[in-house]
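Below is one structure, written out as structure tokens, with a few remarks after it.
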Amino acid sequence: MTRPVAVWWVKRDARLTDNACLVEAERLGLDVLPFFCFEPSLLAADDTSDMHTNAQWQALSGLRTTLRKHNADVVIAHGEAVEKLAKLHARVPFTHLLSHEEIGNEITFRRDRAVAAWCRERGVAYQEFPQSSVRRSGVNRDRLQEMWRSRIANARPLPVPAIHQSDTLRQLAAATTFPRLQAFSVNSHWQPVSEADGLNTLDAFLTHRGRSYRGGISSPNTAFTAGSRLSVHLAWGTLTARQVWHAVRERLAALDPDDPQSARWKQSLQAFLSRLHWRDHFTQRLESEPALEFQTLHPCYRDLQFENNEQLHTAWRDGCTGYPLVDAVMRCLAATGFVNFRMRAMVVSFACHVLHLDWRLIHPHLARVFRDYDPGIHLNQLQMQAGVVGWNAIRVYNPTKQLTDWDSECRFVKQWVPELQDTTPEHIINAKSVSGYPGPVVPFTERAKWMASQLYAKRNSPEAKASTTAIYLKHGSRKKERVSRRKRPSKSVPPKKTQTRGLFDDLPDE
DNA sequence: ATCACTTTTCG
DNA sequence: GAAAAGTGA
């Protein structure tokens, strides 16, 4: 009467919809036992924080609630994965271990390898299923479009299959409880993470909020509602890119051409889809080049010396640089775990180009204050904004210009930097001294120019130029041919039509 | 000539 | 991204 058991090892995929592990268990006709492990070695990592552990706890709590409606439950463990799996195996001799293919940092990769080795030793069939278009260990970027088409665009999200779980298994799972961790206390500033919250967020974006996406995501005052807010769900796997992609495509197809609002919706949703696709481009780069967690993709920057002044680092981290928008963003992140892309890019640019801090030095803190921390996205964006990828122009964000452009009334600044509560916007923007708020820790223009010159000097060395092409071919975008443009078209030439941007042109984000 | 806006180039 | 260059009223 007892069927063989497949353990579904839940990691960043605490959801029932579009879950290949559950579908596979059903296909094999196995009982399924979901298993989640809070791992001390991961909890202690310098890029992990309570914000992340709390997200996983919420996702898992949601999963448990849903599973119970299916008359099933999840085993919750606290300990190292191999050790806990072995202990479970002694109790329930499962034949299969199913999990999603995680593109993470070195710690999770090594952990996955150790689990695979344990499975081989024990004769447990271990299978990992991709949950994005990223190809494991694949480096051929020419085939990425094809991967996206076959895995995302031309494949429907998987429906929730029947879940078979014996009473014995269910009782065993139900008896396991959450470990007592500080991270599990509720913080109302943090965005909720669960499959149900993910679906609600997606729905609200597609029915109301999404209209303002285009034009709304740049300002920190509007981005909290105009942004999709799906990043946490994609990061922790309470939604998949495939679910989101198809939901957005359906919404686009359903737009009423007679509705004057439709044009705006269309622009917004297409801009969003483009970014959704870019996620995988970056994740693929980390999968192909895991060393970029520790060193720059381009060799010419590896011997670059950074000032790494500890006072400047602390001032940046705590939001005390004397640059109001930078400080507001750092404090907002620490409190909420979220801010829009542009503001994140600005604080990275500021730390690297103005404070002269190594991107590896600022990496752990940022990872910890991003509730949507996803190593593939984070590490690539970090290197890109630090200007060490090699082929993009070096982007230096001017915090004063950003303030004028996106928070000219200083609403966001005042919300997070109460010292400036009673100061007028003009006063703040012109950096007049305010008692109780520090002046600029370092001068912007001079320091930014100096760092840019350092970076360009590295890049322009003949050896560097030689390797740039090779690296670009391996890791750059495939979409647009890099045609050398005519310097100055003659007057007689018919006006060239403005090149319409495709979804995947080499202009990530803003 | 000037202004507002877009495109191109690039420490 | 920012600045310079271009465009068209």
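From a predicted model like this one, the values you see are computed outputs, not experimental measurements. Reminder, nothing fancy here: chain letters follow the sequence lines and each chain counts from 1.
Remark: A/His52 pairs with A/Trp236, A/Tyr373 by the ring pair (Phe, Tyr, Trp, His ring centres under 6.0 Å) rule, at least two apart or across chains.
Atom CH2 in A/Trp391 sits roughly 20 Å away from atom C1' in B/dG11 (whole-Å rounding). Rounded to whole Å, atom C1' of C/dG1 lies 11 Å from atom CZ of A/Phe341. Computed from coordinates, the A/Asp405 CG to C/dA2 P distance equals 7 Å when rounded to whole Å. Atom CE of A/Met346 is separated from atom P of C/dA2 by 11 Å (rounded to the nearest Å). Between the C1' atom of C/dA2 and the OH atom of A/Tyr456 lies a distance of 11 Å, rounded to the nearest Å. Rounded to whole Å, atom C1' of C/dG1 lies 17 Å from atom CE of A/Met451. Rounding to whole angstrom units, NZ of residue A/Lys449 and P of C/dA3 are separated by 9 Å. Whole-Å rounding puts the A/Tyr301 OH to B/dG11 P distance at 13 Å.
Residue A/Ser453 places its side chain closer to B/dG11 than to any other of C/dG1, C/dA2, B/dG11. For A/Gln402, the side-chain atoms get nearest to C/dA2 when compared with the rest of B/dG11, C/dA2, B/dC10.
Residue A/Arg342 has a polar side-chain atom (N or O) positioned under 4.0 Å from OP1 or OP2 of C/dG1. Remark: A/Gln454 is not in phosphate contact with B/dG11, judged by side-chain N or O atoms under 4.0 Å from OP1 or OP2. Here A/Lys401 reaches the OP1 or OP2 of C/dA2: one of its side-chain N or O atoms lies under 4.0 Å away.
Ring geometry for A/His313 versus A/Trp316: interplanar angle under 30°, hence parallel rather than tilted (30 to 60°).
Residues A/Trp148 and A/Arg143 have side chains not in contact (no heavy-atom distance under 4.5 Å, counting atoms from C-beta outward).
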Using residues 251-258 of chain A as the side-chain source, report each donor-acceptor pair under 3.5 Å to any protein atom, sequence neighbours left out, with the distance given to one decimal.
from, atom 1, to, atom 2, distance (Å)
A/Arg251, NE, A/Leu206, O, 2.4
A/Arg251, NH2, A/Leu206, O, 3.4
A/Asp256, OD1, A/Asp258, N, 2.9

